[in-house]
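Source: prediction; values computed, not measured.
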Amino acid sequence: MKFNPKNGVILLAATAVVSLAAGCTSPKNTATEAARAVIERTIERPARNLDLRLVASEDSLDRYAIHATDGKLRIEGSSVTALCYAFNRYLKEACHSMVTWSGKNLNIPDRWTDFEAEGSSPYRLRYFLNVCTFGYTTPYWDWERWERELDWMALHGVNLPLATVASEAIARRVWLKLGLTEEEIASFFTGAAHLPWHRMGNLNGFDGPLPESWHEAQLELQHRILDRMHELGMEPVAPAFAGFVPPAFLARHPDISYNQLEWGGFPPEYNACVLAPDSPWFEKLGALFIQEWEAEFGKARYFLSDSFNEMKLPVDPADTAAKHRLLADYGEAIHRSIKAGDPDAVWVTQGWTFGYQHDFWDRESLQALLSRVPDRDLIIIDLGNDYPKWVWHTEQTWKVHDGFYGKQWIYSYVPNFGGKVLPTGDLAMYASGSVEALESSAARTLVGFGSAPEGLENNEVVYELLGDMGWSRQAIDLDRWTENYCTARYGGCDTTMRAAWQLLRRSVYASLYSYPRFTWQTVDPDPRRPNGHALNDDFGQAVKLFLDGADRYATSPLYRNDALEFAALWLGEVADRHYTEARTARDAGNRTKASAELNRCVELLKEADRLLASHPDYRLDEWVGYAEKAAPTDSLRQHYASNARRLISTWGGFQEDYAARFWSGMIRDYYIPRLEIRFSDHPEQLDAWEEAWIQSPRHTETQPYDDPIEAARRLIASLE
């Protein structure tokens, strides 16, 4: 199966409207038809009296205009994603409707409501996804789920998505051409859910192997993903070679110079080996990877390569001159390897590690890495602009490094680690932070805005806000925005709802935690990654107020979802307080009180589990179901399912409880038994039990409430 290249859209003068035929990729697939298809899939019906028109961009920046009058809706946009974003804005503000990961609240009128608006994006590129998303959320997705995600991206204006599916299928071909056996290659790859860390050079072989059928299925899936991305006018970011090679390749070439890296507490056999920058193989392999990719999928423009993610090179810290020479050599080697594969390619790299390891990546070190790379050939995704304030307690990376010394860069956030569910995020920061960059001298090379969550399908308010920030030059008025958000999501925003959201904005959405988890999720407090959240009494009061609106907002599926989530979370927090008391009593030798407090904790967690059984996203069976569905045989079904369970539980290395999913099934079958073992007379059995749970295909069934909203109201009232 080969990629069929498609022509780009031809834009006319700034005031001209482009005819339907002008941007045709085929008679049946124009830019406006692609946008219309997204819209009709979204509203689940034909979009009558809707006129979509493609217009020219202004200074390479997307723009749109919305005109609705007399029951007719006309949307003009300079790209497919501009058209889709404009329709999404109309959907929210004129129709009081919303489309999110957890579902839809649709109130589409028979006649389009009168409305006028226009806007533009200050960014040429609007980036989305994280390398880790392909482990914590998407590893086993099928095309149906990917299609929904691509529609979501288009509606939120994304035009630069990360596209790393089938990376290993391409790598396998390269290694086969170089003489490695199927067995040697298979042992190099991790299990599917752990592939992001293989791609970044953190991990080899762990929880593998990958069968040949996996590669074939991923190639087919990636073709569909890329075809749709191109239809939607998106520029996918493809994977490139970053220097990591299999041990079998090194064994065949004992003269090769390489560096052994360390990451995550894994033993050496799972750690990566990266070629030395002066190895002639660096350029050869880089060229082969890109050529093989483009032979299969067609020409790409942007290629991601991350050689040092959360790792330090083995250099003498006292010899800064040697460190800088090595970094300059690596920067040159990566750039040359990408250009050898495609002279028109642009190297994209995640800037996360520059802030995360800010002691290693001082100004001189980053300047050295970039020193031999032409400015036009590199884009740095400044990934974590939310973390300097809340976690690292440093200045933002783009400020420390003067806008990355003339290189192109993208202002981005990482609102989520590991797909954790607990609400967290500084809405005020998200509504204003990027404006400072736009108004700074660093804006001259600022080409994009984005978000790079490690896991999706959580904290939906954050991503609705960030979607709008990608189209705003000014800070967003949060009071007005939140009222519009509630009206679109729930169908209204009365005094009680407004008060509930003020409390949410004062508690969970006025903070950011790397590891928002309950103590009962980690069994014992985690000294390396301290648990933390803002589910305080303000949040508890917000939940009560929110549930007071059940009668008014019951027709909105998204209100229902949020009501179940908020109520379950508050039950989880009260359970955590009882668990803390149980630990204190146990340590004091008061077994009677410890048992009583633990029992109350477990009772509340069982109720939370039962509430979440009615939530569309927060269920273990959904996660495992995708893994099982991806397997063509019974044996692979078990392997894929256990790999999926491992990632969200013990993970591997030092990563246990990192993903910390607050899910129905996970609470009942995993977290509660762990607590009981920890408090039993044989806590040493915990590790063996965890591995047995990962490998076991058995699970119990939670019986959802007949009326989960009424149950939520009753349960929360009982806590008073």
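- Note: Y553 and Y490 have tilted aromatic rings, judged against thresholds of 30 and 60 degrees for the angle between ring planes.
- Between the side chain of Y579 and the backbone N or O of E581 there is no donor-acceptor pair closer than 3.5 Å.
- Remark: the backbone N or O of C493 is paired with a side-chain donor or acceptor of R498 at under 3.5 angstrom.
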Problem set entry | Derivation of the ring-ring contact (aromatic ring centres under 6.0 Å, His included) call for W501 and Y485 | CA-CA 10 Å; W501 267 93; Y485 173 85; 5.6 Å; yes
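- Aromatic pair Y64/W471: centroids less than 6.0 angstrom apart.
- Checked by atom type and distance alone, the side chain of K72 never pairs as donor or acceptor with a backbone atom of L50 at under 3.5 Å.
- With salt bridges taken as basic N to acidic carboxylate O contacts below 4.0 Å, one links R600 and E603.
- Without hydrogens or angle criteria, Y559 side chain to F546 main chain gives a donor-acceptor distance under 3.5 Å.
- A donor-acceptor pair under 3.5 Å is formed between the side chain of N159 and the backbone N or O of R126.
- Considering only heavy atoms from C-beta on, Y411 stays 4.5 Å or farther from I381 through its side chain.
- Other residues, nucleotides and ligands place no more than 12 heavy atoms under 6.0 Å from the CD atom of E118.
- Between W152 and F128, the ring centre distance stays below 6.0 Å.
- Ring geometry for F566 versus F539: interplanar angle over 60°, hence perpendicular rather than tilted (30 to 60°).
- No cation-pi contact links K420 to Y136, judged by a cut-off of 6.0 Å to the six-membered ring centre and 45° from its axis.
- Note: F417 and Y515 have tilted aromatic rings, judged against thresholds of 30 and 60 degrees for the angle between ring planes.
- For an aromatic pair to be called close, the ring centres must be under 6.0 Å apart, and F518 with H533 satisfies this.
- In this structure a side-chain-to-backbone donor-acceptor pair under 3.5 Å is present from T133 to P453.
- Checked by atom type and distance alone, the side chain of S57 never pairs as donor or acceptor with a backbone atom of S78 at under 3.5 Å.
- A distance-only check finds no donor-acceptor pair linking the side chain of E457 to the backbone of W101 [under 3.5 Å].
- No donor-acceptor distance shorter than 3.5 angstrom exists from the side chain of D142 to the backbone of Y626, with no hydrogens or angles considered.
- Within the 3.5 Å criterion, the main-chain N or O of A47 finds a donor-acceptor partner in the side chain of R36.
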